[in-house]
2 protein chains.
Amino acid sequence: MGYPITANVSERQSAPPSLAISTVIFALRTAEGESRPSLWLPLVRRIREPFKGQWALPGGPLRHSESLQSAASRNLAETTGLNPRYLEQLYAFGGLQRAANCSPAVLAPRVVSIVYWALVQPTEAALALESDNVRWFKADALGSASARDLAFDHNEIVAYALWRLRNKLEYASIAYHLLGEKFTLAQVREVYEAVLGRELDPANFRRQLKATPHIVATEEYLQGGKHRPPRLYRYTGNTESFSQSQPNPDPSIRASSK
Amino acid sequence: MGYPITANVSERQSAPPSLAISTVIFALRTAEGESRPSLWLPLVRRIREPFKGQWALPGGPLRHSESLQSAASRNLAETTGLNPRYLEQLYAFGGLQRAANCSPAVLAPRVVSIVYWALVQPTEAALALESDNVRWFKADALGSASARDLAFDHNEIVAYALWRLRNKLEYASIAYHLLGEKFTLAQVREVYEAVLGRELDPANFRRQLKATPHIVATEEYLQGGKHRPPRLYRYTGNTESFSQSQPNPDPSIRASSK
DNA sequence: CCAAAAGTGTTATGTCTACACCCATGG
DNA sequence: CCATGGGTGTAGACATAACACTTTTGG
């Protein structure tokens with residue numbers, strides 16, 4: 001895999017570590033037979049050694065004239081057909097034992113992976129192509145301590161991404177990126193409950209939300225439910241933490257009243 | 001790594017981007033003529049193009065059989081002689097315009113930098129070798145918006161590292177890594193004041209500190225001051241966020257009483 | 001009318017902030 | 001005994017959590 005065998009003269013020793021970009025993509029889905037939505041992510045099946053046949057994060061090499069972020073963006077579009085609303089760098093993994101339990105004696109070359117994480121809307125996620133080599137999995141099943149079935153160290157990467165998502169959800173306004181343009185406050189609460197894995201008090205939750213900026217009430221109500229129709233809201237904040245390039249000293253932090 | 005669908009042999013145009021590791025090293029120093037300590041960081045002078053002669057973050061290439069973290073550790077030891085108590089990955093920079101204002105028409109090859117940040121104790125920092133090619137600078141002067149004198153995009157990297165340090169100081173127990181083994185609570189407050197750039201109420205600050213775990217009072221008092229001798233404390237928490245390898249779902253987070 | 005979600009009000013509890021106050025030391 | 005930083009106490013402002021309560025819809 002990996003590094004082009006450039007007949008570069010300076011390449012005397014061993015080849016330098018090659019670079020790849022991968023992405024952990026999160027979306028909300030309601031499983032068959034379940035009432036509440038949960039977190040899912042798409043994986044692709046490896047078609048070559050090492051770890052041939054196992055599931056892995058979508059990813060690929062960094063092209064010569066693209067930024068890290070756009071490499072991530074292009075790559076996940078190519079492999080899964082998705083266009084995330086939110087995309088942020090997660091971590092650079094360069095561990096040496098990354099291909100530790102590599103099946104036979106395939107000596108895998110050293111690879112440094114720069115991993116991004118993304119949030120996509122349910123509508124996007126619904127259109128996402130699913131094939132024999134691309135499938136969605138429940139995030140918590142992959143990211144728990146016991147999980148050990150993905151290629152490379154991808155189980156740990158998923159676990160870390162999950163940790164980061166949970167963490168960031170509590171202080172930044174990112175939940176809206178998992179929803180459509182208009183949403184009810186109860187839907188936002190469902191996002192929080194799905195991600196954090198615990199139930200939240202509806203009354204207090206709605207007050208907190210209404211106190212945050214960039215949440216504006218529309219004049220529309222969601223019809224079709226069994227009960228009182230809830231009002232729809234819209235998020236008017238930076239839908240671009242998708243901002244080009246750099247690290248972003250967190251524009252999406254929820255203005256806390258302190 | 002895993003690029004099942006796209007990546008194939010067609011990707012062998014120009015040489016792949018090369019990888020480098022750099023580190024932003026913070027230490028507390030009391031400048032001549034000033035009463036309060038402030039944040040400083042060491043830079044090295046570039047001895048080759050591009051940006052020859054300008055100051056840059058210490059860094060170097062990633063060797064074949066070392067982890068990213070140990071590459072950072074080794075590199076900053078080689079260039080500055082320092083052994084930090086705290087070392088954490090900051091960000092992977094791979095922008096294309098990194099060598100934008102490159103002096104002449106030197107066409108710089110694409111470089112992806114994985115940047116770490118570190119905290120060292122004052123005693124360490126004092127021993128640090130300072131030469132014609134290694135010098136300490138005040139952090140806020142380099143990390144402000146106007147600053148534009150470092151090589152590559154290193155001013156922005158310093159600014160981001162500063163942001164991260166300030167941010168993390170407020171929720172994690174990292175201030176102790178900038179102090180010696182024993183310290184007074186007022187010294188911890190000085191760290192906070194120097195990093196955050198504002199004064200804190202001594203009374204409230206000490207209460208907050210004493211409420212956090214891993215701060216234990218010794219039976220010793222700091223003698224030699226002009227006034228009442230303050231009690232010395234010790235930090236007994238993980239001095240190893242320096243933990244090998246992986247991303248660490250933040251062990252150093254200050255246990256908040258919620 | 002009933003069930004249940006939408007939405008509002010109220011109270012207890014805890015945390016943060018400002019600031020008054022006492023303690024201990026060098027000069 | 002005085003100035004100053006070390007250290008403790010306390011009252012108000014503010015945020016959070018628990019839960020009672022009213023409103024509005026479908027059935």
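These values consider heavy atoms only, across backbone and side chains, with no hydrogens, waters or symmetry-generated copies. What you see is a predicted model, and the numbers here were worked out from it, not measured in a lab. Per chain, numbering begins at 1; letters A, B, ... match sequence-line order.
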Please give, in whole Å, the distance from [N] [atom2] to [X] [atom1]?
X        : N      : atom1 : atom2 : answer
B/Glu199 : C/dT17 : CD    : P     : 15 Å
B/Leu200 : C/dC19 : CG    : P     : 15 Å
B/Gln223 : C/dA24 : CD    : P     : 14 Å

Would you tell me whether B/Asn167 and B/Arg164 have side-chain atoms, one donor and one acceptor, within less than 3.5 Å of each other? no
Mark up nucleotides 1-11 of chain C, 5' to 3', with B wherever a protein heavy atom is under 4.0 angstrom from a base atom, S wherever such an atom reaches only the sugar-phosphate, and - elsewhere. ---BSBSBBB-
Working to the nearest 0.5 angstrom, can you tell me the gap between [X] [atom1] and [Y] [atom2]?
X        : Y        : atom1 : atom2 : value
A/Arg135 : A/Leu43  : CZ    : CG    : 10.0 Å
A/Tyr233 : A/Leu222 : OH    : CG    : 12.5 Å
B/Ser70  : B/Ile21  : OG    : CD1   : 9.0 Å

Which is it for A/Lys168 and A/Glu88 under the salt bridge (charged side-chain N to carboxylate O under 4.0 Å, His left out) test, yes or no, and what are the steps along the way? CA-CA 12 Å; A/Lys168 192 148 190 175; A/Glu88 183 189 325; 2.8 Å; yes
Return whichever of A/Asp201 or A/Gly224 has its heavy-atom-nearest nucleotide of DNA chain D closer to the 5' end. A/Asp201
Assign the ring pair B/Tyr235 / B/Tyr176 to parallel, tilted or perpendicular, where the plane angle (0 to 90°) is split at 30° and 60°. parallel
